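Structure first, commentary second.
Scope of the values below: all heavy atoms of this structure, side chains included, with no hydrogens, waters or symmetry mates. A note on names: the letters A, B, ... follow the listed sequences, proteins ahead of strands, and every chain is numbered from 1. Nothing here was measured: the structure is a model prediction, and the numbers come from that model.
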There are 2 protein chains.
Amino acid sequence: MIPSKNTKFSLASPITQTTFCDLADLFKLFSDNTRLRILCCLFPKEQCVKNIAAALHMTPSAISHQLRLLKQGKLVKTQRIGQTIIYSLADEHVQSIFNQGLNHVQEGK
Amino acid sequence: MIPSKNTKFSLASPITQTTFCDLADLFKLFSDNTRLRILCCLFPKEQCVKNIAAALHMTPSAISHQLRLLKQGKLVKTQRIGQTIIYSLADEHVQSIFNQGLNHVQEGK
DNA sequence: TTAATATATGAACATGTATTCATATATCTG
DNA sequence: CAGATATATGAATACATGTTCATATATTAA
């Protein structure tokens, strides 16, 4: 009932309440400064927790907590190599969404 | 120092800490169920507060509070016609960002 | 096994946030 | 003007969230 019949997206597939929640949860992951900077770290190449923490001047614990959220939201994936756990972007959508927001912000909004 | 030299966006313009904050603030506006549904209401056509509230089965007060945030973030704009204030999307970017997120969510994430 | 390193996790704390309720402002009608 | 309607706003409440700190788990090296 929320999405009108005439919008592009709702023609393809109507937006359920569950979808709205999923969508809000997705954007919530992009709504924190630290998480954005973590994702940004992962754009050029995969990284271990320690390196991300160093790059952001934050504790590995704080980064680990945020990485857990990003992983739960399927924005990043992991790969263990010995003691270290390598984090990388789950797919290209992540950077697409980031860039879309960046465009808006950088165009003076 | 956060964005590597080799990423597309940072070549065009480096991402400052201020930009990260602006970006986080932008996504924060998309990170709430109610605000997403409000924006969705505005996709097909401009709407007054009362109608949005009715469509979402919420109080005009709650909607007004959220509309204020959306307006502060320049996602919507207003136009007064007599007693009623008509809200509409500020630009096409809003729906672009929404759709980009929707694609990700609907592709099973 | 013991020590060291990398990461994860739970509790606690401080801060932020969405809604409600009461009330205020603004516009229109009579 | 008074009354009705549309919207906005401030305070209060309940709940969510990010970081820190202490501690736990897992892997490697000696």
Worksheet, complete the sentence: The side-chain contact (heavy atoms from CB on, under 4.5 Å) partners of A:K77 (sequence neighbours excluded) come to A:S88

Mind listing the N/O atom pairs, protein and nucleotides 25-30 of chain C, below 3.5 Å?
from, atom 1, to, atom 2, distance (Å)
C:dT27, O2, B:Q83, NE2, 3.0

Worksheet item: Across the strands shown, which category fits A:T84 at heavy-atom distances under 4.0 angstrom: base, sugar-phosphate, nothing?
Response: sugar-phosphate

Practice prompt. For A:T16, enumerate each residue passing the side-chain hydrogen bond (donor to acceptor under 3.5 Å, both in side chains) test, keeping only those at least two apart in sequence or located in another chain.
Written response: A:T19

Worksheet item: side-chain hydrogen bond (donor to acceptor under 3.5 Å, both in side chains) with B:T84: which residues, sequence neighbours excluded?
Response: none

Discussion item. If you define the side chain from C-beta out and look only at heavy atoms, does anything of B:Q17 sit under 4.5 Å from A:N33?
Written reply: yes

Practice prompt. Could you list the residues that satisfy side-chain hydrogen bond (donor to acceptor under 3.5 Å, both in side chains) with B:T78, not counting sequence neighbours?
Written response: B:K71

Worksheet item: Where does the chain B footprint on DNA chain D start and end, counting 5' to 3' with a 4.0 Å heavy-atom cut-off?
Response: D:dT5 to D:dG10

Worksheet entry | side-chain contact (heavy atoms from CB on, under 4.5 Å) partners for B:T59, two or more places apart | B:S61, B:A62

Check nucleotides 16-20 of chain C for protein N or O atoms closer than 3.5 Å to its own N or O atoms and list the pairs.
from, atom 1, to, atom 2, distance (Å)
C:dA18, OP1, B:R35, NH1, 3.1
C:dA18, OP1, B:R35, NH2, 2.8
C:dA18, OP2, B:R35, NH1, 3.3
C:dT19, OP1, B:T34, OG1, 2.6
C:dT19, OP2, B:Q66, NE2, 2.8
C:dT20, O4, B:H65, NE2, 3.2

Worksheet item: According to a 4.5 Å side-chain heavy-atom criterion applied to Ile, Leu, Val, Met, Phe, Trp and Tyr, with indirect links allowed, do A:I97 and A:L89 form part of one hydrophobic cluster?
Response: yes

For residues 41-56 of chain A, which side-chain donor-acceptor pairs fall under 3.5 Å, sequence neighbours excluded?
none

Worksheet item: Of all residues at least two apart in sequence or in a different chain, which pass the ring-ring contact (aromatic ring centres under 6.0 Å, His included) check with B:F27?
Response: A:F30

Practice prompt. Sequence neighbours left out, what passes side-chain contact (heavy atoms from CB on, under 4.5 Å) with B:L70? Give chain and number order.
Written response: B:L29, B:R35, B:I38, B:L39, B:L67, B:L75, B:V76

